[in-house]
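Just so it is clear, the values below take in all heavy atoms, side chains as well, and ignore hydrogens, waters and symmetry mates. Letters A, B, ... are given to chains in the order of the sequence lines, protein chains preceding strands, and every chain is numbered from 1.
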Amino acid sequence: MDGYNFAYLDEQTKRMIRRALLKAVAIPGYQVPFASREMPLPYGWGTGGIQVTASIIGADDVLKVIDQGADDTTNAVSIRRFFARTAGVRTTERTAEATIVQTRHRIPEAPLRDDQIIVYQVPMPEPLRWLEARETETRKMHALAEYGVMHVKLYEDVARHGRIATAYDYPVMVSGRYLMRPSPIPKFDNPKMDRSPMLQLFGAGREKRIYAVPPYTTVRSLDFEDHPFDIQRWDQRCALCDAGDSFLDEVIVDDRGGRIFVCSDSD
Amino acid sequence: MTSLLAVPAAPGFADPVGDAQRAFRGLLDAIAHPGRIVSLDARVAAPAPLVPAAAAALLTLVDFETPLWLDAAAAAGDAPAWLRFHCGAPIVADPSPARFALVSDAAAMPRLDAFAPGEDAFPDRSATIIVQVGDLHAGDGWRLAGPGIETTCRLAVDGLPDWFADALRANRALYPCGVDLFLAAGDRIAALPRTTLVEG
């Protein structure tokens, strides 16, 4: 760890992020602006999640990092090594052993406990951004809880496709007040956020926002009475572990179009 | 003559990086579980009237970016010099611009509406108030509900003024604006963020 402060960030940066995290937990789903730093990897590679993890992690923590459910993909491996090197912490691939799970685009299948924290890497925190480009306007829409435009978007899905076609980054209402992007997790994972005992922290490095969902907080996926929210289902089971209740990835296994379905969560 | 470089007698954290991280995780655990009494295990010898939990919270969170308000009892002794030296925070006389406030004498504390509740568009720009109280007990007293609490939880607090529970309900009604509170007793702390509903 020579040449670095513990967990890479300097102490003033950690204080600034820690203050933002406490306000984020106090206002569930509200995006707290923070002074995101340049990190030794490009925006889009999890700089927000890394800054959140660096500000909370201690020498006794056990860190798990996943990317699309897997511990062994480039992004997960490099972030895990980053913290092993700069903080000297123990890392794991087992969800149950971890005290902090940093994730890109999945929530582990094993339910997280009250004493575990999940840190999401968020590319675009603002749920209304593709509907309204101006920050001044979306900020006003959040202040007034004026979210009709998102219902119109989902209605247009129904009108065009006969169903809500959004399959990932599916918008949610947090504690009945703030519209929130859950980060690009499949909508399969949305129900895991609702009234969960885990503390959920979200970091968006390029967009400079931190937000949070405290434990036991309602997280409701938006829907309509006649088009209720539903998750993806498969006719197949996992070809490796035979699980019938997990999120499955379709994998091409040969040059003749042979394919199998396997669990996205490598634990 | 007062020297600008006066070094206070009492040190801050023994291990500034590790102690601040442990204290922060305690504060995060407390605010994520309102009413839960968390021991900060703070090894800090702060000047009177600061108790260890309040001193650790200030060392962990406050710096030159966060105006700090101290009540009369805290502003009188060695605490301001200690906080200026270890945190570098500007100490303000008026509570309204303060991002952090320390109340060492809860009986004489100002009403919660003296502190910044944030703005509709930026509810995070609100004060965090650390109130030193006589004692904290779980299991009786107020009934708390809201985000972070599975069903309900009970918290009894000694040494708060009579109007406090009503003021918490008025603060809750401002949501998403409102102040957030930490209650400190010895080296233990409990949080009452603006989301918490208080009965009794």
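Interface remark: of the candidates B:Pro193, B:Ala121, B:Ala191, B:Ala121 forms the most heavy-atom pairs closer than 4.5 Å to chain A. Ranking B:Ala20, B:Pro123, B:Ala30 against chain A, the residue ahead of the rest is B:Pro123, based on heavy-atom pairs under 4.5 Å. Contact tally against chain B (heavy-atom pairs below 4.5 Å) for A:Arg19, A:Arg177, A:Met16, A:Glu11: the top residue is A:Arg19. Among A:Ala143, A:Ala20, A:Ala212, the residue making the largest number of heavy-atom pairs under 4.5 Å with chain B is A:Ala143. Ranking A:Val213, A:Val174, A:Ile57 against chain B, the residue ahead of the rest is A:Ile57, based on heavy-atom pairs under 4.5 Å.
With a 4.5 Å cut-off on non-hydrogen atoms, A:Thr218 does not touch chain B at all. Heavy atoms closer than 4.5 Å to chain A are found nowhere in B:Pro34, neither backbone nor side chain. At a 4.5 Å heavy-atom cutoff, the contact between B:Ile149 and chain A is made by backbone atoms alone. For a residue to count as touching a neighbouring chain, one of its non-hydrogen atoms must lie under 4.5 Å from one of that chain's; by this rule A:Leu199 touches chain B with the side chain only.
Inspection of the B:His137 and B:Asp158 side chains reveals an N or O donor paired with an N or O acceptor under 3.5 Å.
Listed in order of number, the residues of residues 114-132 of chain A that approach chain B to under 4.5 Å between heavy atoms are A:Asp114, A:Ile117. Residues of residues 54-67 of chain B lying under 4.5 angstrom from chain A, judged on non-hydrogen atoms, are B:Leu59, B:Thr60, B:Leu61, B:Val62, B:Asp63, B:Phe64, B:Glu65, B:Thr66 in numerical order.
Taken from CD in B:Glu199 to OG1 in B:Thr152, the straight-line distance is 8.5 Å, to the nearest 0.5 Å.
Put simply, the side chain of A:Asn5 never gets that close to the backbone of A:Tyr8: no donor and acceptor are under 3.5 Å apart. Side chain of B:Asp180 to backbone of B:Thr128: no donor-acceptor contact under 3.5 angstrom is found. Judged purely by atom type and a 3.5 angstrom limit, A:Ser55 uses its side chain to pair as donor or acceptor with the backbone of A:Gln51. Judged by distance alone, with hydrogens and angles left aside, the side-chain atoms of A:Arg106 form no donor-acceptor pair with the main-chain N or O of A:Arg104 at under 3.5 Å. Panel note: side chain B:Thr196, backbone B:Arg194; no donor-acceptor pair is recorded below 3.5 Å.
By the 6.0 Å contact criterion, CD on A:Glu137 is enclosed, its count of non-hydrogen atoms from other residues, nucleotides or ligands being greater than 12.
Residues B:Leu155 and B:Ile37 have side chains in contact (heavy-atom distance under 4.5 Å, counting atoms from C-beta outward).
Relative ring orientation between A:Tyr178 and A:His142 is described as tilted, the plane-to-plane angle lying within the 30° to 60° band.
In this structure, B:His33 has its ring center no closer than 6.0 Å to that of A:Tyr216.
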